[in-house]
Structures are given as C-alpha cells and as structure tokens.
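Notes follow the structure.
Only a predicted model underlies this, so the values are computations on that prediction, with no experimental measurement involved.
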Amino acid sequence: MAKSKGMAGAVFALSTFIIGGILTFTGLGLIAFMKNQDLLGWGEGRSIGILLVCVGLLASIMGVLVMRVINNRL
C-alpha cells in the first residue's frame, strides 16, 4: 500500500512541477510578444503573462517541495 501511495505522490509532484514550468514559460512568452494586445477578451497579454509567471513559479516550488516530502517520508 505504501508503494502505491508513494507512486501517486511522485506522479502528482512531477506533474505539478512540469505544469508549473509550462505556465512560467507561457507567461514569459505572453509578456514578450503580447504587450499591448487583448488576449481573448481576458485582458492585456502582459498582465495575463505576469499572472501565469507567478502561478507557474508557485506550482514549480510546490512540486519540488512535494518531491522532497515524498522522498523523505516514504
């Protein structure tokens, strides 16, 4: 049972880390290339990019922390 719990935690940590990286680089692309353009009616591309960078960095940090917890606990 502990092995499957560890595997589920590892998959969650790795997927969170990868999604965070994708969001971070997507946000950087929006900041660079969509400065004064509207993004699907959601707002200016730069502001959405800044939001994605912040959320992506937080998700990456959370993924690393979960990896550390899974590695040390199980």
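Linking ILVMFWY residues whenever their side-chain heavy atoms come closer than 4.5 Å, directly or via other members, places Ile31 and Phe25 in the same cluster. The hydrophobic clustering, which links ILVMFWY residues whose side-chain heavy atoms are closer than 4.5 Å, places Leu28 and Leu57 together. Under a hydrophobic clustering in which Ile, Leu, Val, Met, Phe, Trp and Tyr are joined whenever their side-chain heavy atoms come within less than 4.5 Å, directly or via other members, Leu23 and Met34 fall into the same cluster. In this structure, Phe17 is not a member of the same hydrophobic cluster as Val53, with clusters built from ILVMFWY side-chain heavy atoms closer than 4.5 Å.
Between Glu44 atom CD and Ile50 atom CD1 the span is 8.5 Å, to the nearest 0.5 Å.
Of all heavy-atom pairs between Gly20 and Ser60, the closest is C-OG, 3.4 Å.
Ile18 meets the side-chain contact (heavy atoms from CB on, under 4.5 Å) test with Leu14, Ile22; sequence neighbours excluded.
With a 4.5 Å cut-off on side-chain heavy atoms, Met62 and Phe12 count as touching. Residues Val66 and Thr16 form no side-chain contact, since every pair of their non-hydrogen atoms from C-beta on lies 4.5 Å or further apart.
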